[in-house]
Amino acid sequence: MMRQHLANYILTPLFLINFICSFGQENIDLLIDEMSIEQKVGQMTQINLGFLSSNVDQHDGKVKQIDNEKLKRAIEQYHVGSILNTAGTAYSIEKWHKILTDIQDIALATPLEIPVLYGIDAIHGVTYTKGSTLFPHNIGLAATRNPAIANQIAAATAKESRASGLRWNFDPVLDVGRNPLWPRFCETFGEDPFLVATLGAELIKGYEQDGLSENTAVASCMKHFIGYSDPKSGKDRTEAYISDITLWQKHIPSFKAAIDAGASTIMINSSMINDVPVHGSYKLLTELLRNKLGFKGMIVTDWEDIIRLHERHKIASTPREAVRIAIEAGIDMSMVPNSFSFCEHLIDLVKSGDISEDRIDASVRRILILKRDLGLFTNAYPEKDAVQNFGLQEYKSLALNSARESMVLLKNQDNVLPLPKNKKYLLLGPGANCLSALNGCWSYSWQGDNEEVYPKTSKTILDVFQERFGTSQVLCDVKSEYSNATNFSINFSDEEINNVDYVILFLGENAYAESPGNIDDLTLDHNQIDLAKRAVALDKKVILVLIQGRPRIISDFSENIDGIVNAFLPGSMGAQAIVDVLFGDFNPSGTLPFTYPAHSGDLLTYDHKNLSAMVRTAPNNKTYGGYHPAFKFGDGLSYSDFSISNLKLNADTITTDEKLQISFQLKNRSDLDGTKNIDVFINDHYASLAPDVKNLKDFTKVFLKGGEQREVLMELDRDDLFFYNAKGEKLLEEGSFSVFIGDQTATFYLKK
Ligand code: GLC
């Protein structure tokens, strides 16, 4: 009798679950052997919480109530294994815990008791939990050149996610910002692959370094593999044409670095490259991602992207064919997300023999391993003791410090900045009093423009000015609604204007996310240009603060502006950081992670070819000046006065096994302490594939006290001197190279 009971217990879900938690993959296989095709397909299915709510109109911005019957149907009837997003807006931690508890109660009441894996976007802090701390978006974080701060931000975000009960973060964005028109440019670390790879890997580590079963970690999700960020038209989710050489040299390095850093999951590019939708590409998802790059984690689609192989890309004549193509390409989980069609089609495909059960077992295995590693089989519910890690003051300090370090001082004519604190200031422009502009996309809502859900403690720039200087020194009538007509005019009397010492313009963009952020012209909106010109006409010192996710062109008026600060999208403490920089309470050190174009028809990146560097003004009259942006990659001023000199290399010639030791003198010629970001570039003079004029290979930050001088040592090796060919082979070729640091250059010869 006892033997029979034991036998019965061994095959019960409880035993399987316990067995899985305590042992390895072979026990995952034991569970898989117990699963029906329907249960397996359900694990590969991810559904949007909004679809399981009372009102399924996805983007009406209204808060929806979860429909428990729909929830039960999804989990009990379709065996759905993953759910994502919110039903309309950010939730309190208490509400998240209630929703997640209801979900897991239903899941753990099913025969196999497999917990649901919940996915969320938290790309600059936790988007959908009220009271979370939002950090600078990646485009600003890249200007800090500070990998440590990137790691700290990810670790803080992981803690606030996990405190919310959310264990899978659809982040980091590892796309390389090669086209500034692209509306997701702000989500990238800019145009350089090395910078993106270095900072992206730190985010992966920050999310996962404590171990996925710890209540301070989340599973990361590299995205969006691959080639999403360089659409030919600049419009989101439109075709890109990227050669294999460019793919290897510009787009793969950040994903390779993230895989090496231990990323658990990856999300796929919604678009197509070279006429092939990435979601349907066996070459990209299996041959490249799995076989060449060695990724072993779980692959999830982006939003509705299997359905769109039929509906948009038109490579599948039926929705069923779209599922077959995507699964054969290598997809593990479908973010369907607003129907059960994926389940129905995939079950049919397996039962009809068009897709093998072994193939779906491979995906189910990866999904169950991830759930095990995240501790879901041990405890599927929100971890109460994680809540203590939410809303810590240290996150606010981190948000302030990272926002300060992200600010880039682009122009400071006659040292107009920092501003004196005892003067009168006229604040103009829509960014002066707008929370959503400071935070951008993925800020308490998808678009970031629902200011009702921002923490009540959030401050606009006007709030901070009035706190610090009182209303007597500050003239401003800018409304919080970005597009309010008042914000584009100067509504003060001559007498009021006469009393003003400085005009500060806050221009740029309001919040947008993805395709809603598509534009036809990178030039700043004309109503803002008109306002700037009228501000200049007031004949005062004018400071421009750009609050934007991409470099909007300001050439129409920038020469008449005295000081320019690019603030990007600085997050929860952005207003305080901007005012700190304007008045010298923080000495700016940020440096551009992208090229800032002067003209909408000249979107050349800094790592262009020699052909673009030259400007043929006549058949035989060539000059160099093809790269003539408003501001260059790496530009950024300080209130200190730094000089770089005496660049030396330890050898004129090195072999491929030797390191190149670099030294240079860095001097702070002012009496003001400051930090200097230093980029190290190389140029391969001649190569079998056309070399770029320069490539970033290292960077560092150096703090010097006023008057201090220091020798800075850096080094390069063979891993900095190779380039990829179309097959992804690393070519290290003998020949001469240049090293560029600041305005210093040195050359060396690489000998094989
Ligand atoms: C969106 C984005 C992706 C995000 C996903 C889930 O469309 O492309 O970055 O993670 O859907 O919200």
Side-chain angles (χ1 to χ4, degrees), residues 45-52 58-59 61 82-91 117-129 137-139 157 161 164 166-177 182-189 200 203-204 207 218-229 231 235-238 240 254-255 258 263-272 277-279 298-309 311-313 331-338 342 440-448 511-518 549:
T45 304
Q46 184 180 65
I47 296 294
N48 175 30
L49 187 68
F51 177 68
L52 304 175
Q58 293 316 306
H59 296 301
S82 182
I83 297 174
L84 83 148
N85 274 5
T86 69
T89 184
Y91 297 140
L117 171 61
Y118 208 102
I120 204 76
D121 292 280
I123 74 164
H124 69 124
V126 182
T127 299
Y128 293 116
T129 303
H137 270 282
N138 284 352
I139 200 63
T157 302
S161 295
S164 309
L166 304 165
R167 304 193 193 189
W168 183 22
N169 180 6
F170 302 137
D171 199 57
V173 173
L174 299 176
D175 303 306
V176 185
W182 188 48
R184 305 189 74 170
F185 190 79
C186 69
E187 297 180 50
T188 76
F189 285 115
L203 291 188
I204 300 286
Y207 290 135
V218 292
S220 64
C221 183
M222 304 176 275
K223 68 184 188 181
H224 307 75
F225 189 82
I226 191 165
Y228 181 27
S229 53
K235 301 286 194 302
D236 184 39
R237 287 177 163 84
T238 59
S254 54
F255 286 93
S264 296
T265 73
I266 192 166
M267 186 183 291
I268 303 309
N269 166 12
S270 301
S271 191
M272 64 167 70
V278 181
H279 279 81
M298 196 258 278
I299 300 176
V300 64
T301 74
D302 199 343
W303 190 273
E304 204 171 72
D305 278 317
I306 293 181
I307 290 171
R308 291 174 183 181
L309 291 179
E311 287 187 353
R312 285 190 185 180
H313 296 282
I331 293 293
D332 292 319
M333 181 183 282
S334 170
M335 184 188 295
V336 189
N338 295 318
F342 173 79
C441 52
W442 307 103
S443 300
Y444 308 113
S445 68
W446 175 44
Q447 291 294 313
Y512 54 81
E514 304 184 49
S515 301
N518 283 337

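In this chain, numbering begins with 1 at the start of the sequence shown. Indexing begins at 1, ligand by ligand and atom by atom, following the structure's order.
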Where ligand 1 meets M267 - atom numbers and elements under 4.0 angstrom, heavy-atom basis: 3 (C), 10 (O)
Region of V173 that comes within reach of ligand 1 [heavy atoms, distance under 4.0 Å]: neither
Point-to-point distance, once rounded to the nearest 0.5 Å, from CG of N85 to CH2 of W303: 5.0 Å
Nearest protein heavy atom with distance in Å, relative to atom 11 (O) of ligand 1: D302 OD1, 3.1 Å
Check against side-chain hydrogen bond (donor to acceptor under 3.5 Å, both in side chains), D121 and T127: CA-CA 6 Å; D121 292 280; T127 299; over 6 Å; no
Which of the ligand 1 atoms, numbered from 1, are nearer than 4.0 Å to a heavy atom of F170: 10 (O)
Atom of K223, atom of F170 and distance for their closest heavy-atom approach: NZ-O, 2.7 Å
H224 (side chain) donor-acceptor with S229 (main chain) under 3.5 angstrom: no
Which of the ligand 1 atoms, numbered from 1, are nearer than 4.0 Å to a heavy atom of W303: 7 (O), 11 (O)
Nearest-neighbour protein heavy atom for atom 12 (O) of ligand 1, which is reported as residue plus atom name and distance: D121 OD2, 2.5 Å
Whether H137 and H124 hold their rings parallel, tilted or perpendicular, with breakpoints at 30° and 60°: parallel
Residue pair I139 / F189: nearest heavy atoms and the distance that separates them: CD1-C, 4.3 Å
Identity and distance of the protein heavy atom lying nearest atom 9 (O) of ligand 1: H224 NE2, 2.7 Å
Proximity flag Y128 to ligand 1, non-hydrogen atoms under 4.0 Å: no
N518 and D236: side chain donor to acceptor below 3.5 Å: no
Proximity to ligand 1 by part of E304, non-hydrogen separation under 4.0 Å: neither
Which segment of R237 sits under 4.0 Å of ligand 1 when only heavy atoms are counted: side chain
Gap separating the CZ atom of R237 from the CG atom of D305, nearest 0.5 angstrom: 6.0 Å
Gap between atom CD1 of I204 and atom CE of M222 - 0.5 Å precision: 6.0 Å
Atom indices of ligand 1, in the order listed, that fall short of 4.0 Å to a heavy atom of L84: 6 (C)
For atom 1 (C) of ligand 1, closest protein heavy-atom neighbour: E514 OE2, 3.3 Å
Close-contact set for ligand 1 against K223 heavy atoms, below 4.0 Å: 3 (C), 4 (C), 9 (O), 10 (O)
Ligand 1 N/O within reach of R184 N/O, cut-off under 3.5 Å: yes
